[in-house]
2 protein chains.
Amino acid sequence: MSAAGQPVAIICGNGRFPKTVAEAAQLAGRPVFLVGLKGAAEEGISAFPHIWVRIGELGKVFRSLKDRNIIDVAFIGGLVRPELSDLRPDFGALARLPDIARLLLGGDDHALSGLVKLFEAEGHRIIGVQELAPALLVPMGQITKTAASAEALADLDVGMRCLRALSPFDAGQGLVVAKRRIVAIEAAEGTDLMLRRIADLKQNGRLRAKGASGVLVKMPKAGQDLRVDLPAIGLKTVAACAEAQLAGLFVAAGEVLMLDRAALAAKADAAGLFVHGFEGRA
Amino acid sequence: MSAAGQPVAIICGNGRFPKTVAEAAQLAGRPVFLVGLKGAAEEGISAFPHIWVRIGELGKVFRSLKDRNIIDVAFIGGLVRPELSDLRPDFGALARLPDIARLLLGGDDHALSGLVKLFEAEGHRIIGVQELAPALLVPMGQITKTAASAEALADLDVGMRCLRALSPFDAGQGLVVAKRRIVAIEAAEGTDLMLRRIADLKQNGRLRAKGASGVLVKMPKAGQDLRVDLPAIGLKTVAACAEAQLAGLFVAAGEVLMLDRAALAAKADAAGLFVHGFEGRA
């Protein structure tokens with residue numbers, strides 16, 4: 001079923017992604033309505049039909065979507081995990097408080113899948129970037145002129161198997177492998193800080209390396225709901241990989257956001273890094 | 001078979017452990033001979049019968065042990081992974097170069113088990129702290145006056161399962177779990193830097209927490225040869241856990257070194273932290 005012409009609400013977290021996705025959806029012929037989360041979303045979303053809400057104002061969100069006959073909802077952009085006390089729930093949120101409390105325990109997957117369930121219970125359909133703007137996802141295969149070496153591919157194999165083993169634990173969307181040894185695993189700190197750590201360890205000699213070595217492997221967790229929780233790479237990721245003196249980036253094709261593909265590839269090539277989309281799902 | 005009276009060679013890496021283990025072995029009636037690795041071992045080992053060697057001088061080590069009729073060998077203290085070019089092998093090392101080259105690829109376990117095989121091929125028996133100085137290992141159960149809460153025990157359960165899943169990948173002797181969510185996983189950076197990361201994430205608000213929350217779970221990898229590669233905790237670990245505002249430390253009993261038990265427990269109690277030895281092996 002084609003959704004062209006159907007309006008879509010975009011719940012906007014931080015970063016440029018919400019705006020970019022809104023533009024892509026409009027280009028594809030879908031009217032958009034942006035819901036900016038105060039303290040997270042960028043001012044730029046005001047260029048579209050929009051409202052601003054606190055995270056706690058779930059009732060206001062549901063009413064706004066109902067008034068506009070919007071069924072499809074997309075969650076775009078990141079959010080710092082909120083504390084219960086920060087939520088100041090409105091009446092609509094209070095009515096759903098037991099569900100909300102439950103979804104704030106456990107890993108990220110639980111929180112997000114809980115949010116999905118809340119919206120689905122109101123009759124909404126949750127859609128992701130895959131449907132709204134598939135061109136923003138990492139494609140399969142080599143993206144840069146620089147190619148992955150056989151050694152890098154061997155490191156990818158180790159990294160993929162380790163990330164799959166970690167999947168049930170709702171932690172780790174990325175790691176760094178060098179000479180088949182796993183030297184960093186990402187958890188709450190995020191990819192950029194993990195890469196910063198590798199740069200530091202190489203600089204102070206705790207991790208010995210001559211020249212560029214090691215690869216970033218980035219893919220979603222097995223249970224991750226890609227409609228609401230899509231990993232992303234950007235120019236910052238490439239810069240961090242260059243500082244960490246890696247050989248390149250392996251990214252799960254179709255499962256990771258990538259803005260500015262041409263600029264990203266050019267920057268990676270300039271730093272001697274490859275970027276390569278691989279088949280992540282086992 | 002009692003080994004009392006049998007001499008033992010202690011190959012000394014960095015830190016205080018080599019000297020402490022040497023003292024404990026002497027107290028147990030075993031003559032000791034210390035082999036100080038230049039650039040790693042502390043000067044203090046000179047208080048015992050000893051020689052100093054470069055890492056590459058394997059031939060010199062083997063000759064020294066043969067001259068003294070020493071069969072038992074213990075590797076104590078840490079080493080930064082050497083680069084091949086740093087080794088400057090002596091003749092005895094050159095003769096074994098293919099084996100040595102092989103053991104420098106792959107994870108820590110491979111390097112260390114390779115070293116064990118080299119010594120075993122020369123007729124040596126590799127022994128660990130468990131045999132030389134078992135009193136230095138973490139005991140089972142609560143070590144502090146402060147006790148682990150039910151929530152902390154639930155976090156331990158998640159952490160143990162995750163560490164076991166990571167074991168085949170020769171990475172991760174520790175992690176931090178908070179409210180059943182894994183927030184940090186240790187790889188090449190070591191435990192102290194991982195804990196520093198949690199402190200930073202809490203400080204800058206990327207990881208929200210009110211008061212002390214989360215636990216360190218530390219245990220060896222499943223395939224880890226505890227004769228040559230024993231994790232350790234010390235006063236620095238306790239200080240780092242306090243800075244990270246954790247609730248406490250779970251440490252695999254009988255599988256982790258702990259110097260200064262009384263001082264460590266006192267320091268932990270003063271910071272409101274529990275230290276608890278758990279049954280690590282599944």
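Proteins come first, then strands; the chains are lettered A, B, ... in the order of their sequence lines, and each starts at number 1.
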Original post:
Top residue by heavy-atom pair count (under 4.5 Å) with chain A, among B:Ala187, B:Pro168, B:Cys162?
Top reply: B:Cys162
Original post:
Quick one: CZ on B:Arg196 to CZ on A:Arg197, what's the gap to the nearest 0.5 Å?
Top reply: 14.0 Å
Original post:
Measuring heavy-atom distances to chain A, does B:Ile198 have an atom under 4.5 Å in its side chain, in its backbone, in both, or in neither?
Top reply: neither
Original post:
Is the count of non-hydrogen atoms from other residues, nucleotides or ligands lying under 6.0 Å from A:Arg161 atom CZ greater than 12?
Top reply: yes
Original post:
Quick check: are there more than 12 heavy atoms from other residues, nucleotides or ligands sitting under 6.0 Å from CD of B:Gln203?
Top reply: no
Original post:
Between atom CZ of B:Arg164 and atom CZ of A:Phe169, what is the distance when rounded to the nearest 0.5 Å?
Top reply: 10.0 Å
Original post:
Crowded around A:Lys236 NZ? As in, over 12 foreign heavy atoms under 6.0 Å?
Top reply: no
Original post:
Where on B:Leu201 is there a heavy atom nearer than 4.5 Å to chain A: the side chain, the backbone, both, or neither?
Top reply: side chain
Original post:
What part of B:Leu166 is in contact with chain A, defined as an atom under 4.5 angstrom from a non-hydrogen atom: side chain, backbone, both or neither?
Top reply: side chain
**OP:** Please round to the nearest 0.5 Å and tell me the distance separating atom CG of B:Leu193 and atom CG of A:Asn204.
**Re:** 8.0 Å
Original post:
Is there a donor-acceptor pair under 3.5 Å between the side chain of B:Arg206 and the backbone N or O of A:Glu189?
Top reply: yes
**OP:** For atom NZ of A:Lys19, decide whether the heavy atoms of other residues, nucleotides or ligands shown that lie under 6.0 angstrom number more than 12.
**Re:** no
